[in-house]
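Side chains included, hydrogens not; waters and symmetry mates left out as well; all remaining heavy atoms used. Computed from a predicted model, the values in this text were never measured in an experiment.
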Amino acid sequence: MLRIMFFNLLFCVSRLFLLNRLDSHLKMSECVMEEEERAESTVSSCVSMKSDCSKVQSINFSIGPRGSPLNYQKRSASIGDSSCPEGEKKRRTELQTTDLNHSVSQGGDLQEVIEGHKMSLKRRCEHVTEGTHEAGSGTLLNKIYTELYITEGQSEEVDTQHEVRQLERTSKKNIQDTPIKCQDLFKVLSEQQRHIRVVLTNGVAGVGKTFSVQKFSLDWAEGLENQDISLVLPLSWRELNLIRDEQHSLLSLLHVFHPTLQKIRAEDLTVWKLLFIFDGLDESRFSLGFNKHQLISDVTQVLSVEVLLVNLIQGNLLPSALIWITSRPAAAHQIPPSCVDRITEVRGFTDSQKEEYFRRRFSDEDLSKRIISHIKASRSLHIMCLIPVFCWITAIVLEDMMTRDQRGELPKTLTDLYSHFLRVQIKRKKQKYGGKQRPEELTEADKELLLKLGRLAFEHLEKGNIMFYSEDLERCGLDVSEVSVYSGVCTEIFKRESVIFQKSVYCFVHLSIQEFLAAVYMFHLYTRKDTAVISQFLKYSEPIRFSGFAGLYTNNDPVTSLDDFLRRALMKSLKSENGHLDLFVRFLHGLSLESNQRILGGLLDQRNSHPETIQKVLNNLKEENSDEFSPDRSINIFHCLMEMKDQSVHQEIQEFLKSEKKSERELSEIHCSALAYLLQMSEEVLDELNMCQYKTSEDGRRRLIPAVRNCRKVVLWCCSLSEISCGSLASALRSNPSHLRVLELSETELKDPGVKLLCGALQDPLCELETLRLINCSLSEISCDSLASALRSNPSHLRELDLTGNQLKDPGVKLLCGALQDPLCELETLRSVRDYPVLSQV
């Protein structure tokens, strides 16, 4: 009995000893893992606990926190701690071997998942369709991809103007700006830069943002670039829109959009280096409230998709993850500047990159040279070819016209080009599906479909929408199945995005195509006398009555002729704050020409395009005059003339610029708009623009304001500047690049709101104005307050301020004195000292 008790006691003691030893082994293993996680992790480590086993070296199998997704790093295998006996060392080695075998097995599975994701991403990105939607039917991206011009930084001003205007400004931006390559977006390029976590990339529609995302993803998937990133995870906003009302965790969200990652666990996401790419913020239908949502840090917590996205961008969720967001400029403000580490801008193609695009696209060297030569000869086409999508449209049209027996002249205006583009797509459809009619002829079915597309384009242009769903198509009478039947038209003009949710999202290949089809639809309604839609569009108080159709009306009711219809449409576009109808109205004017109507093969009625009517339209454009519209926006009147192929104003301004007696030549308002446009787009910066030297009206001088962007010194005397004109001048002051150094607004009537706008521009980091002269401008106390704010702004380049002749009151002088005493104020010269001794004392 005693022997049995003895053996039981011995067994218990031995068991307790072994359990203590095993617990010690486990603690040592945990300490080793904690030490190596601290060494490898890209995020801040927690405070470590002191332990004797922290010095133990081991074989570390680190799975993906930095470098390759499965990065096996062998450390010293020797166990040299003298405090551990031989038996302890042996047991540690056995324990590490067990952990090693488990890690290798797990790592093999994960490596297979990673490789599967890379293969999936490669299949998604290696082909581009340039307007078609058939998966895998496009061209290899690497075959046609042309490097885009991307720069770091942008103006702090939110540019909401029509993107064609933005393109014109982009073409004038400083070529000396530091370019950045797409694959270097997350690399620290200078000692001043800190870690780059969130990058926001801006660019107008079709400029190449999505192509850049595809190229970045493809290079990573093929193992060519950014191999320090464990996973690249593209998520487009248009797809995210489809689940905006659902509840997800971040982990389940990845499983939904990237099914190849189903085996990925939550702990993998916290240690890997991930890159989330959110493409197309302008298409988002989320209301991203960065100050309203709860904070989360758990990748398995289920919440609304909107909350997940905000926390991910803010860095509350996966703080080590990289974020890349692309957007059109007007929507980029949804992301707070405090969340962004780097802002970049895709500016499209430089001149040399345009030529490279066409050379890569066409193996026929002679054809590519002829196309490049024609584009250079047309200012409008040359500017638009900054956009890769527009290069594709141009290539399709010119290739078709240059490789067949074409008799008409090549297109020089946008309306010309898009009319031919429509015909080319119709011809391709006929060649694909056959038929008895000639390829270039439009059947009634063709016309019906195009007009339905035009209705969709117009209605959503009015609403500002560029994305559509099946119900939107059906509302316009479009059968979704009909789209595939007319694939020769719809796959090129109308882009269909198939997503994994079995719900289709639609958009036009480019916004300009939507604007063109909308104009075709509206012009068709006018020729068919559809008063209801046109009255709604133009906001008439009374129904419209039409003229120009002999015998149709015999009463004396008020009527609307073509010239009146186009004038009213122009007025509506000029009243738009962001110019979203500018290109639409240019197309409307271009479609009034019989030559463009003929290209469209009977889609539009040609009965009212008589020479007398066209001349009335041209006269309206040349005589339009109102201070209600921004000088920048008034330039679109000149563009409408160009779309109607009226070169008279352009030629007269060219002659004026060559004349030695400029002060004797009288300029109309439309001449001044044309002059402002040409000076603004000139490759040479003008040393001085003295608007007082031009023989024109006060409104004519105001129309010259856009030229300020390309001048070093501007003189504008004896003119009343409205708040709208001051806004245009302020926009010029903060343009990028800003050339203006001296601005004289003497004897000019300035109101307080206008002065506030100008002083706001002076505080913009891009503004480099050094001398401001406001002589006899009747500045009020409120205006002095605005000036004081500008003087103490930092950085401010203003060194000389001339306030001579302003009857300033004591409160205004006091405000200026306070600004002059501010340490941030670097003003060197203040004129008006004799009138205000107190300023001289400062």
Short side-chain donor-acceptor distance under 3.5 Å, Arg586 and Thr415: no
Pair Phe276 and Trp324, ring centroids less than 6.0 Å apart: no
Side chain to side chain contact (heavy atoms under 4.5 Å, CB included) partners for Ile313, two or more places apart: Phe290, Ile323, Ile325, Ile335, Cys339
Asn226 side chain reached by Phe186 side chain, heavy atoms, under 4.5 Å: no
Residue pair His510 / Ser512, side-chain donor-acceptor N/O under 3.5 Å: yes
Residue pair Leu517, Leu422: steps toward the side chain to side chain contact (heavy atoms under 4.5 Å, CB included) verdict: CA-CA 9 Å; Leu517 283 175; Leu422 201 59; 4.2 Å; yes
Atom pair CG/CD of Asp364 and Glu399 - distance to nearest 0.5 Å: 9.0 Å
Salt bridge (charged side-chain N to carboxylate O under 4.0 Å, His left out), paired with Glu152, selected from Lys187, Arg342, Arg347: Arg342
Verdict with reasoning, His420 to Leu410, per side chain to side chain contact (heavy atoms under 4.5 Å, CB included): CA-CA 10 Å; His420 280 289; Leu410 295 174; over 6 Å; no
Polar contact flag, side-chain donor to acceptor under 3.5 angstrom, Asp279-Thr326: yes
Gap separating the SG atom of Cys711 from the CD atom of Gln680, nearest 0.5 angstrom: 9.5 Å
Closest heavy-atom pair and its distance - Leu318, Leu269: CD2-O, 3.4 Å
Leu381 to Pro411 - nearest heavy-atom pair and separation: CD1-O, 3.6 Å
Chi angles and distances behind the side chain to side chain contact (heavy atoms under 4.5 Å, CB included) call for Leu231, Leu275: CA-CA 6 Å; Leu231 278 178; Leu275 168 59; over 6 Å; no
Check: Asp282 side chain, Ala331 main-chain N or O, donor-acceptor pair, under 3.5 Å: no
Phe349 and Tyr357 aromatic ring geometry - parallel, tilted or perpendicular at 30°/60° bounds: tilted
From CG (Asn202) to OG (Ser327), nearest 0.5 Å: 6.0 Å
Leu386 CG to His382 NE2 distance, which is reported to the nearest 0.5 Å: 8.0 Å
Student check: side-chain heavy atoms of Leu511 and Arg328 closer than 4.5 Å: yes
Check: Leu733 main-chain N/O paired with Ser738 side-chain donor or acceptor under 3.5 Å: yes
Side-chain (His117) to main-chain (Glu112) donor-acceptor, under 3.5 angstrom: no
Side-chain heavy-atom pair Ile396, Arg361 within 4.5 angstrom cut-off: yes
Donor + acceptor pair across side chains of Thr260, Ser120 (<3.5 Å): no
Non-hydrogen atoms of Tyr418 and Ile393 that approach each other most closely: OH-CD1, 3.9 Å
Derivation of the side chain to side chain contact (heavy atoms under 4.5 Å, CB included) call for Val340 and Val199: CA-CA 6 Å; Val340 180; Val199 174; over 6 Å; no
Among Thr201, Leu233, Val213, Leu322, the one residue meeting side-chain contact (heavy atoms from CB on, under 4.5 Å) with Ile277: Val213
Validation row: Val424, Met401 side chains within 4.5 angstrom (heavy atoms): no
Gly208 backbone acceptor or donor facing Ser212 side chain under 3.5 Å: yes
Heavy-atom pair with the smallest gap, counting every atom of Val232 and Phe216: CG2-CE2, 4.4 Å
Minimum side-chain heavy-atom gap Cys182-Ile150 below 4.5 Å: yes
Geometric class of the Phe286/Trp237 ring pair [parallel <30°, tilted 30-60°, perpendicular >60°]: perpendicular
Salt-bridge contact Asp351-Lys354 (side-chain N to carboxylate O under 4.0 Å): yes
With Ala732 via side chain to side chain contact (heavy atoms under 4.5 Å, CB included) - residues at least two apart: Val708, Arg709
Side-chain donor or acceptor of Gln314 paired with backbone N/O of Pro319 under 3.5 Å: no
Polar side-chain atom of Thr394 near backbone of Phe390 as donor-acceptor pair, under 3.5 Å: yes
Full working for salt bridge (charged side-chain N to carboxylate O under 4.0 Å, His left out) between Lys376 and Glu355: CA-CA 10 Å; Lys376 286 182 176 180; Glu355 296 181 16; 2.9 Å; yes
Heavy-atom check, side chain of Arg285 versus side chain of Leu240, under 4.5 Å: no
Check: Lys209 side chain, Glu345 main-chain N or O, donor-acceptor pair, under 3.5 Å: no
Salt-bridge present (Lys181, Asp184; N to O < 4.0 Å): no
Distance in Å, Leu398 CG paired with Ser368 OG, rounded so as to fall on 0.5 Å steps: 12.0 Å
Check: Ile229 main-chain N/O paired with Trp220 side-chain donor or acceptor under 3.5 Å: yes
Side chain proximity check, Glu515 to Phe508, heavy atoms < 4.5 angstrom: no
Nearest non-hydrogen partners of Gln214 and Cys125, listed with the distance: NE2-O, 3.3 Å
Flag side-chain contact, heavy atom, 4.5 Å: Asn710 against Ser735: no
Gap between atom CD of Glu283 and atom CZ of Phe278 - 0.5 Å precision: 14.5 Å
Check: Val198 main-chain N/O paired with Asp341 side-chain donor or acceptor under 3.5 Å: yes
Cationic N near anionic O, under 4.0 Å, Glu365 to Arg359: no
Main-chain N/O of Glu147 paired to Gln353 side chain as donor or acceptor, under 3.5 Å: yes
Arg633/Asp582 salt bridge by N-O under 4.0 Å criterion: yes
Where His460 and Gln514 come nearest, the two heavy atoms and their spacing: C-NE2, 3.8 Å
